[in-house]
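Proteins come first, then strands; the chains are lettered A, B, ... in the order of their sequence lines, and each starts at number 1.
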Amino acid sequence: MPKPPSSNPIVLYWHRTDLRLHDSPALKAALSLNPSIFIPLWTWDPHYVYRSRVGPNRWRFLLESQDELSKSYKRLNPKQQLWVVREAPITILPKLFKAWGITHLVFEKDTDAYARARDEEVLQLAEKAGVEVIVRMGRNLFDPDELVSKNGGKATMSMAQVEKAAQNIGNGCPERIVETPVEGEIPDAWEFERMRLDSDFKVGVDEKPDLNEGFRTGKDKQYVSVMGPKNDFGVPTLEEIGIKIEDATTPHRGGENEALRILASCIKDEEYIGRFEKPNTSPADFEPQSTTILSPHLHFGTLSVRKFWWDVQDILEKRRKEKKSVSTIPTNLPGQLLFRDMYFGAQAAVGDAFATTYGNPVVRLVDWHLQSKNLENGSETEDDTRNYTVDSEEAEEWFIRWREGRTGFPWIDALMRQLRREGWIHHLGRHSVACFLTRGGCYVSWERGAEVFEELLIDHETACNIGNWMWLSCTAFFAQFYRCYSPIAFGKKWDPEGNFIRRYVPELADFDKKYIYEPWKAPIADQKKWGCRVTGDGSGSSEKEEGKTYPKPMFDFDKRRQICLDSMKNAYDVGLHGADKEVMDGSWGEKFHGGEKPKKRQKTEK
DNA sequence: CCAATGTTGGGACG
DNA sequence: CGTCCCAACATTGG
């Protein structure tokens, strides 16, 4: 079939980080081509399906968002939908170019490491096929690459740098939003018979390792047919992924409508928007939460970050005119969005190595427990599927108990159980548990914690997750390691009654507030009276126990805090970073254990 | 060289 | 509630 002339554009619009119709510069660019045929596409990429850590809650959120996008297309044009194909973009796109006679490929820019490499390849494939590619930024306030270039080509590592760089892009403001397509503005795709793909599209998928195997209680049917099990290019179901709906317990719903509904309801409360200061929002609030919970929508692009920015800025401007109080960057809402851009800038500058310690120039090396294997040259054993080294059985036990929410510290356990159940915890709660796992308790590598968050968070954004773990572990962005979160005092400050604990650790629901943060201190008689014994490790292996139990604390926090503090001091004295020679060649251990003591950094004599 | 600053610590004291 | 201290990090601006 001859390729139609380019005056008759056949446009493939590739959705990735933008499951929305509103404020999408890329979608606008695609529709501006005045397509004769328009095909909104999603490629169900095995890399995401098997190599990224995604728990049931995030799968659900993604599917809800896709489903709604597909319905929105259908509403604007009954012949339209989101066309979901089950194959890797690199292999399927060239075939689709040919099969559908594509003249233009349009998508939103993505600066994540994997996405960058993939898109580079797609660009070449498109060129070979004679397909014109249009890429537009829409995922961030500022193009991360531009932010970096305005920061002297260096990773954006502080708010001050971001603000200065942003000042040189748009006077510190992102571009205004673009209009949403309305009925009649979405052209048709081909007739269904012309869309149909034959069986040679089905490619073998290398399913191992499947990082999400543990969640698949049902059969994995994701790559049975390229057009999906009903051959209709439909949005996958949880069942297709092998996940039971009852395992996806998050109360937070996906989709563009939900995102815009939440935003609108937040914006209506001008006092809340105007006076918002993140450090003054409570990590112990629930129903309603103290923050907007729009982060998962920013992740999936069901909400445009620029719309969020400008809707807030318009309120702030109004309040300034009315001489009402307005909180400032970085604690206000625009400041929160700028932090997101800061992490995207850091990731864009560092590239692939940003997600790890190994090879990463901006991250400090600390002699954590359970380090990633790439830091431990040659310690790998044949039958060990763990990607980290077990240097301490005790530390691995602490890590597992942390992950499962049975550390014996109710504040920590409540947060970790909220994370698992709902896929979301407040930012300060994340601080608490991250500090506890790393520099303020377990001294376990932040990379282990980041993996657990990657799996469980519905708002998991690689740049932000990695950046925040570095921040909390004092390996980058932040260095005041002597500021340590107490698993007892910090929660108590926000929630002296312990209502948050009562909700997420129901065993302790009847404990007096005097003991709810430290239940092990409650007299046995009281424990009996309140219906829960504090005993064991929470693993359920002490099966003789009658009635409810809650584990004893897994260590003496004050002792652990001191050990961590001393170790951090030493690690700072050693002063190595992830891209240093000693880290790359695996010899860094000598600087910590054997050999000469690290030179104390010079301090002026008093 | 020094001082100030940095989104979000904890604890004693007034 | 605010203030100061604890012991002490890196960066920035003078």
Side-chain angles (χ1 to χ4, degrees), chain A residues 151-152 154-167 275-285 289-292 295 312 326-343 346 361-366 409 411-412 415 425-436 438-441 464 467-496 517-518 557-577 598 600-606:
Chain A
N151 190 45
K154 292 207 290 280
T156 42
M157 300 302 290
S158 74
M159 204 56 194
Q161 289 173 6
V162 171
E163 283 185 272
K164 214 180 284 178
Q167 216 58 48
R275 300 167 67 93
F276 185 97
E277 285 184 301
K278 188 62 156 283
N280 294 337
T281 58
S282 171
D285 279 9
Q289 311 280 2
S290 64
T291 50
T292 64
S295 51
V312 168
V326 169
S327 52
T328 54
I329 291 170
T331 54
N332 66 5
L333 281 167
Q336 304 306 300
L337 301 181
L338 284 170
F339 271 113
R340 180 172 175 271
D341 267 32
M342 175 181 83
Y343 290 132
V362 303
V363 72
R364 191 175 283 279
L365 179 89
V366 171
F409 295 94
W411 170 247
I412 299 296
L415 287 162
I425 43 181
H426 185 280
H427 189 58
L428 292 182
R430 301 184 197 196
H431 276 216
S432 239
V433 299
C435 180
F436 183 86
T438 59
R439 67 181 167 87
C464 301
N468 277 317
W469 273 97
M470 290 175 183
W471 183 299
L472 265 302
S473 61
C474 288
T475 51
F477 299 101
F478 184 74
Q480 289 159 273
F481 55 73
Y482 43 89
R483 290 194 177 170
C484 182
Y485 290 85
S486 159
I488 295 142
F490 187 72
K492 216 182 254 181
K493 183 172 79 182
W494 292 104
D495 179 20
Y517 284 88
E518 302 166 280
F557 173 71
D558 289 331
K559 278 191 193 140
R560 284 302 308 169
R561 182 185 177 280
Q562 196 54 53
I563 290 168
C564 288
L565 214 58
D566 293 343
S567 304
M568 287 300 287
K569 236 182 288 186
N570 183 58
Y572 267 66
D573 284 339
V574 169
L576 286 173
H577 289 77
K600 279 273 166 200
R601 282 151 298 157
Q602 214 51 52
K603 279 265 144 159
T604 33
E605 295 294 326
K606 59 167 176 332

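More than 12 heavy-atom neighbours from other residues, nucleotides or ligands sit within 6.0 angstrom of CZ on Arg560(A).
The side chain of Pro330(A) sits closest to dT7(B) out of dT7(B), dA7(C), dA10(C). Which of dG10(B), dG9(B), dC9(C) sits closest to the side chain of Ala479(A) comes down to dC9(C). When the nucleotides dT7(B), dG6(B), dA10(C) are ranked by their closest atom to the side chain of Gln480(A), dG6(B) comes out on top. Across dA7(C), dG10(B), dT7(B), the shortest atom-to-atom separation from the side chain of Met159(A) is found for dT7(B). Distance from the side chain of Phe490(A) is smallest for dG10(B) among the nucleotides dA10(C), dT8(B), dG10(B). Distances were taken from every side-chain heavy atom of Gln161(A) (C-beta onward) to each of dT8(B), dT12(C), dC9(C); the shortest belongs to dT12(C).
Going from atom CD1 of Ile329(A) over to atom C1' of dT8(B) covers 17 Å, rounded to whole Å. Protein atom CG of Leu415(A) is 19 Å distant from nucleotide atom P of dT8(B), rounded to whole Å. The nearest whole Å value for the distance from the CZ atom in Arg561(A) to the P atom in dA7(C) is 11 Å. dT7(B) atom P lies 14 Å from atom CG of Leu472(A), rounded to whole Å. Rounded to an integer number of Å, the gap from CG of Leu333(A) to C1' of dT7(B) is 12 Å. Across the protein-nucleic acid pair, Phe557(A) atom CZ and dG10(B) atom P stand 8 Å apart, rounded to whole Å. As rounded to whole Å, 12 Å separates atom P of dG6(B) from atom CZ of Phe478(A). Met157(A) places its CE atom 14 Å from the C1' atom of dG6(B), with the value rounded to the nearest Å.
Contact check, Arg483(A) against dG10(B): no side-chain N or O comes under 4.0 Å of OP1 or OP2. Within the 4.0 Å cut-off from OP1 or OP2 of dG13(C), at least one side-chain nitrogen or oxygen of Lys164(A) is found.
Residue Tyr482(A) places no side-chain atom within donor-acceptor reach of the base of dA7(C), judged by atom type and a 3.5 Å distance cut-off alone.
Side-chain N or O atoms of Asn151(A) include one that pairs as donor or acceptor with a backbone N or O of Ala155(A) at under 3.5 Å. Distance alone, capped at 3.5 Å, places no donor-acceptor pair between the Arg364(A) side chain and the Ala476(A) backbone. With Arg340(A) contributing its side chain and Cys464(A) its backbone, the two residues share no donor-acceptor pair below 3.5 Å. In this structure, the side chain of Thr331(A) does not engage the main chain of Glu277(A) through any donor-acceptor pair within 3.5 Å.
Between dT3(C) and dT5(B), the two P atoms lie 15 Å apart (nearest whole Å). Comparing the P positions of dA3(B) and dC5(C) gives a spacing of 16 Å, expressed to the nearest Å. Comparing the C1' positions of dC4(C) and dA8(C) gives a spacing of 16 Å, expressed to the nearest Å. Nucleotides dA10(C) and dG10(B) are separated by 22 Å at their P atoms, to the nearest Å.
At the heavy-atom level, Arg364(A) lies under 4.0 Å from the strands shown only through sugar-phosphate atoms. At a threshold of 4.0 angstrom between heavy atoms, the contacts of Phe339(A) include nucleobase atoms, whether or not backbone atoms are also involved. Counting any heavy atom pair closer than 4.0 Å across all strands shown, Trp471(A) reaches a base atom. Across all strands, Lys492(A) comes closer than 4.0 Å to no nucleic acid atom at all (heavy-atom distances). Contacts of Glu277(A) with the nucleic acid, taken as non-hydrogen atoms under 4.0 Å apart, are absent.
Pair assignment for dA8(C) gives none, since no Watson-Crick or G-U wobble pairing has each distance under 3.5 Å. The partner of dT3(C) is dA12(B), judged by Watson-Crick or G-U wobble contacts that both fall below 3.5 Å.
Residues Glu163(A) and Ile329(A) have side chains in contact (heavy-atom distance under 4.5 Å, counting atoms from C-beta outward). Taking 4.5 Å as the limit, every side-chain heavy atom of His431(A) sits out of range of all side-chain heavy atoms of Phe490(A).
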